[in-house]
Visitor: 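Below: one structure in structure tokens.
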Amino acid sequence: MSAVQEGKRLGRQITKAVIPAAGLGTRFLPATKASPKEMLPLVDKPLIQYVVEEAVGAGIREIIIITGRGKRAIEDHFDISFELEETLRQNGKLELMESLRKISDMADFCYIRQRQALGLGHAILSAKNLIGDEPFAVLLGDDIIDHPTSALQQMIDLYQKNQAPLIGIQKVPKSEVRQYGVIDAEAAVDGLYKINDLVEKPSPKEAPSNLAVIGRYILTPEIFELLEKTKPGKNNEIQLTDALKELARLRNMYGYVIQGKRFDAGDKLGFLKATVEMGLKNPELGKEFRKFLKDLPL
Ligand code: G1P
């Protein structure tokens with residue numbers, strides 16, 4: 001492929017996003033025993049809706065959700081609910097009806113069922129045929145990031161400039177690095193880090209830095225060939241981080257410190273923190289909720 005063709009291929013608008021949602025949600029049991037963790041409500045919307053809205057707001061038109069057993073509620077949530085809409089219409093609750101219709105009209109939704117939970121890398125690989133030959137976004141639903149310019153928008157803006165794979169990162173305390181992929185990188189222009197290497201969930205001793213991978217990625221299609229060759233790694237799972245390691249060898253790849261407050265909503269405490277902050281920001285509930293919190297005997 002000529003350099004011009006290659007440039008055109010990578011410079012395409014990013015219109016597709018992959019949202020892996022096949023995980024078992026073991027950190028949130030028993031709440032997630034029979035219902036998907038992606039459907040846990042943060043104030044008044046399920047977690048996955050925040051991530052889908054972030055993607056759509058950043059120009060994504062096609063959302064590919066990787067699901068598994070017990071995840072049907074996700075499909076129903078983004079589908080039209082005829083009976084519910086009709087009942088609301090008959091009761092004159094037109095605004096509420098419109099807000100429900102917006103959820104299903106936001107984007108085109110495709111679902112791929114990951115039959116075996118073989119890891120994040122394996123989940124992403126299952127989207128290969130739907131992505132085809134174009135750059136795409138990956139958003140992990142556990143990471144809820146709050147900022148006036150969404151995390152994905154920040155990253156897409158940078159990708160348009162650099163046209164190189166981009167990974168969202170944030171600094172974390174060294175004691176927490178074992179929960180994340182961690183990058184080995186050097187500072188580059190525009191607040192970017194050029195990534196030399198990555199390690200999935202290292203011990204604080206092994207960690208090459210305290211720059212942790214946060215669940216937002218802009219990837220180029222060659223990741224699929226690399227994932228096909230990736231052997232099970234940490235926790236015996238096919239790790240996206242291991243394929244990214246190889247990608248960093250092939251081409252320039254960058255880390256970007258995402259601006260915004262991040263919550264790990266897949267974790268009980270992180271979810272509580274997110275609920276409080278988002279509750280306080282909610283235009284309808286915030287004022288009363290703040291008063292309630294202030295009056296608590298802490
Ligand atoms: C995944 C990735 C990890 C990344 C993290 C961000 O891990 O494997 O590299 O740092 O998401 O949330 P998980 O949290 O799914 O175990």
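Order of listing sets the numbers, starting from 1, for every ligand and every atom in it. The figures here come from the full heavy-atom set of this structure, side chains too, leaving out hydrogens, waters and symmetry mates.
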Visitor: Does ligand 1 have an atom under 4.0 Å from some heavy atom of K234?
Guide: no
Visitor: Could I get the full list of side-chain hydrogen bond (donor to acceptor under 3.5 Å, both in side chains) partners for Q49, not counting sequence neighbours?
Guide: E53, H77
Visitor: Determine the sole option in K281, R262, K273, K261 for which the salt bridge (charged side-chain N to carboxylate O under 4.0 Å, His left out) test with D146 is passed.
Guide: K281
Visitor: State the atoms of ligand 1, each with its element, that fall below the 4.0 Å cut-off from a heavy-atom position in D143.
Guide: 6 (C), 12 (O)
Visitor: Kindly state if atom 13 (P) of ligand 1 has a protein heavy atom within a strict 4.0 Å cut-off, that is, under 4.0 Å?
Guide: yes
Visitor: Looking at T241, which atoms of ligand 1 are within less than 4.0 Å of one of its heavy atoms?
Guide: 9 (O)
Visitor: Does the ring centre of Y159 sit less than 6.0 Å away from the ring centre of Y256?
Guide: no
Visitor: When you measure from atom 2 (C) of ligand 1 to each heavy atom in E200, Q239, R27, which option holds the nearest one?
Guide: E200
Visitor: When you measure from atom 15 (O) of ligand 1 to every protein heavy atom, which one gives the shortest distance, and what is it?
Guide: K201 NZ, 4.7 Å
Visitor: Between E86 and R89, does at least one N-O distance fall below 4.0 Å, as a salt bridge requires?
Guide: yes
Visitor: To which protein heavy atom is atom 6 (C) of ligand 1 closest, and what is the distance rounded to 0.1 Å?
Guide: V213 O, 3.3 Å
Visitor: Report the part of D142 (side chain from C-beta onward, or backbone N, CA, C, O) that has a heavy atom under 4.0 Å from ligand 1; answer both or neither where that applies.
Guide: neither
Visitor: Should the pair F78 and F109 be assigned to parallel (<30°), tilted (30 to 60°) or perpendicular (>60°) ring geometry?
Guide: parallel
Visitor: Taking only residues two or more places apart in sequence or in another chain, which ones pass side-chain hydrogen bond (donor to acceptor under 3.5 Å, both in side chains) with Q153?
Guide: D157
Visitor: May I ask whether L140 places a heavy atom under 4.0 Å from ligand 1?
Guide: yes
Visitor: Please indicate whether any nitrogen or oxygen in G181 is less than 3.5 Å from any nitrogen or oxygen in ligand 1.
Guide: yes
Visitor: Under 4.0 Å between a Lys/Arg side-chain N and an Asp/Glu carboxylate O for R61 and D108?
Guide: no
